[in-house]
Amino acid sequence: MSVALATTSNSLSVFEAASPPAASIRDLFFLILFITAVIFLLTEGLIVYCIWRFRRKPETSPAEPPQIYGSNPIEVAWTIGPALVVFVLFLVMVRTVAAVRVREQPADALHVTVIGHQWWWEYEYYETSPSGEKRLLFRTANELHVPQNRAVALELKSADVIHSFWVPRLAGKVDVVPGHTNHLWFQVWEPGVYHGQCAEYCGDQHANMMLRVVVDPPGEFDAWLKNEQQPARDAPDVRVGRQLFASLACVECHTIRGTRAEGRFGPDLTHLMGRQTLIATTTPNNRDTLHRWVRNPHDLKPGAKMPSFQLSEGQLREMAAYLESLR
Ligand code: HEC
Ligand SMILES: [Cu+2]
């Protein structure tokens, strides 16, 4: 985690590519910018040159210059020239599309299913057996952990409306469509935190539907993966909060593995404190935020699909302490 924090940058710039698909897109952009810039300078240069070279001078006669209308060679030249340019642009684009599209994934690719919800992201981690069968390991939310330098294959699904998964430094944006699975891949060169955002208007809190990709060095990733697979730890000193949680509707919407909470509507809370942020990465994850969130989610995120429970301050403190024990 320390490494990840050290290299945090909030950049959403497509020019700071950190993975092959993003680099392909950036290179295509620069190539097309270069080709069109050359064409621009050539045509504008010719216009400026002609205006200057053929300007009306006192010694020139007012007669019109020779007319070229209907000249076959010239018509053919300026039809074929631009057609060739468009053809070259087409070829380089096809090459980029092939590079960013999901190819055959390497056998050791990490498989994660991303599910867009109004207004947060759910991730399901899978293990692929040698026979190609996928087995669900666990679910988490908003902060997607991946190992450095290993191919990551994402399946994108939606639980409600159309969203769009976009981490500009890693890959192009791909729509997340109900009833249809889209795919995306990347392989990140450097550890760090990469910011992303929903890129398709999806309702009230679309602007706050952010996400983070945390790229861990392989050792740290394995430790994280191992911890996430454990059920929630039993901490005796938060018994009151745990009972409160179990007795309220929290269990209908949230899962805490190892308890009777098995809801799927909201984020999995089993290892809640493994996340540095809450509420689609918009707010630091600490006891104070947890307290304020449970008191009234709509203070922090108007429209959020979680109700307020009118708990007393004492109950809120017990609840926050329990949530904070979920490491
Ligand atoms: C009607 C379903 C529902 C109920 C009931 C519910 N929640 Fe939630 N909860 C959600 C949803 C949806 C979110 C995600 C909100 C968002 O980010 O837009 C959420 C988010 C959270 C988060 C933040 C998780 C994260 O990683 O950002 C916590 C903590 C939480 N709920 C705790 C509770 C507690 C404690 C209770 C019971 C007092 C509870 N919830 C009851 C639906 C529910
Ligand atoms: Cu959105």
Side-chain angles (χ1 to χ4, degrees), residues 114-123 138-145 156 158-167 173-178 196-212 214 228 232 238 240-256 259-312 315-327:
V114 175
I115 304 167
H117 293 258
Q118 284 175 320
W119 292 275
W120 57 283
W121 299 95
E122 182 175 32
Y123 309 121
F138 59 86
R139 297 192 173 90
T140 179
N142 300 319
E143 293 182 7
L144 176 67
H145 279 251
L156 306 170
S158 170
D160 36 50
V161 300
I162 302 178
H163 304 276
S164 186
F165 185 88
W166 193 30
V167 185
K173 74 174 87 136
V174 176
D175 276 5
V176 177
V177 183
Q197 180 149 25
C198 177
E200 181 67 53
Y201 180 70
C202 59
D204 292 5
Q205 287 292 337
H206 162 67
N208 287 324
M209 188 170 162
M210 323 264 237
L211 69 115
R212 287 183 184 190
V214 181
E228 288 289 320
V238 294
V240 181
R242 181 167 47 238
Q243 281 168 357
L244 187 58
F245 188 96
S247 68
L248 292 170
C250 316
V251 296
E252 305 298 332
C253 289
H254 293 287
T255 296
I256 299 181
T259 75
R260 65 179 213 87
E262 290 177 345
R264 284 287 317 279
F265 186 75
D268 189 306
L269 304 179
T270 309
H271 296 287
L272 176 68
M273 298 314 288
R275 311 202 266 275
Q276 294 177 358
T277 57
L278 289 174
I279 321 161
T281 79
T282 53
T283 320
N285 183 3
N286 54 42
R287 188 181 286 215
D288 178 51
T289 314
L290 290 168
H291 190 112
R292 284 168 57 208
W293 175 254
V294 180
R295 182 198 290 137
N296 184 4
H298 302 257
D299 275 352
L300 289 167
K301 193 171 190 176
K305 300 200 178 267
M306 169 167 153
S308 160
F309 286 80
Q310 317 292 334
L311 301 180
S312 70
Q315 287 175 313
L316 286 169
R317 270 196 299 278
E318 298 290 353
M319 182 69 88
Y322 169 53
L323 293 172
E324 212 189 9
S325 77
L326 299 169
R327 294 187 179 276

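First listed ligand is number 1; within each ligand, the first listed atom is number 1.
At a 4.0 Å heavy-atom cut-off, ligand 1 does not touch Gln118 at all. Contact annotation for Pro297 and ligand 1: no heavy atom of the residue comes within less than 4.0 Å of the ligand.
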Side chain to side chain donor-acceptor pair (under 3.5 Å) between Arg212 and Thr277, intermediate numbers included = CA-CA 9 Å; Arg212 287 183 184 190; Thr277 57; 4.7 Å; no
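Ligand 1 has a nitrogen or oxygen under 3.5 angstrom from a nitrogen or oxygen of Ile279. Ligand 1 has a nitrogen or oxygen under 3.5 angstrom from a nitrogen or oxygen of His254. For ligand 1, the polar-atom distance check finds an N/O of Lys301 within less than 3.5 Å of one of the ligand's N/O atoms. In terms of polar-atom proximity, defined here as any N/O pair under 3.5 Å, Arg275 does make such a contact with ligand 1.
For the pair Met273 and Leu290, the tightest heavy-atom approach, listed with the atom from each and the gap, is SD-CD1, 4.0 Å. Shortest non-hydrogen contact noted between Trp293 and Ile279 is CE3-CD1, 3.4 Å. When every heavy atom of Thr140 is checked against every heavy atom of Arg275, the shortest pair comes out as OG1-NH1, 3.1 Å. Taking every heavy atom of both residues into account, Asn296 and Ser308 meet most closely at OD1-CB, 3.8 Å.
Distance check, rounded to the nearest 0.5 Å: OG1 of Thr282 to CE of Met210 gives 7.0 Å. For the atom pair NZ (Lys305) and CZ (Phe265), the distance works out to 6.0 Å, reported to the nearest 0.5 Å.
The protein heavy atom nearest to atom 22 (C) of ligand 1 is Trp293 NE1, 3.2 Å. Atom 33 (C) of ligand 1 has its closest protein heavy atom at Met306 CE, 3.3 Å. For atom 12 (C) of ligand 1, the closest heavy atom belonging to the protein is Lys305 O, 3.5 Å. The protein atom (non-hydrogen) at minimum distance from atom 14 (C) of ligand 1 is Pro267 CD, 3.5 Å.
Checking Thr281 against Glu143 by side-chain atom types alone, no donor-acceptor pair falls below 3.5 Å. Using modelled atom types, one finds a donor on one side chain and an acceptor on the other under 3.5 Å when comparing Asp175 with Ser164. The closest side-chain donor-acceptor pair between His163 and Asp160 falls under 3.5 angstrom.
For the ligand labelled ligand 1, residue Ala141 lies outside the 4.0 Å heavy-atom shell.
Listed by number with element, the atoms of ligand 1 under 4.0 Å from a non-hydrogen atom of Phe245 are 34 (C), 35 (C). Shown in contact with Leu290 at under 4.0 Å from a heavy atom are these atoms of ligand 1, numbered in order with element: 29 (C). Remark: ligand 1 atoms within the under-4.0 Å shell around heavy atoms of Trp119 are 18 (O). Near Trp120, meaning under 4.0 Å from one of its heavy atoms, ligand 1 places the atoms 12 (C), 14 (C), 16 (C), 17 (O), 18 (O).
Nearest residue to atom 4 (C) of ligand 1 from Cys253, Ala159, Ala280 is Cys253 (criterion: closest heavy atom). When the options Gly303, Cys250, Ala246, Ala261 are ranked by their closest heavy atom to atom 38 (C) of ligand 1, first place goes to Cys250.
Looking at Trp119, Trp120, Trp121 one by one, the single match for side chain to side chain contact (heavy atoms under 4.5 Å, CB included) with His117 turns out to be Trp120.
By the 4.5 Å heavy-atom criterion applied to side chains, Gln276 and Asn285 are not counted as neighbours.
A salt bridge does not link Arg242 to Glu318: none of the charged side-chain nitrogens sits closer than 4.0 Å to a carboxylate oxygen.
Distances from the Cu ion (ligand 2) under 2.8 Å pick out these protein N/O/S atoms: Cys198 SG, Glu200 O, Cys202 SG, His206 ND1.
By the 30° and 60° cut-offs, the orientation of the rings of Phe245 relative to His254 is tilted.
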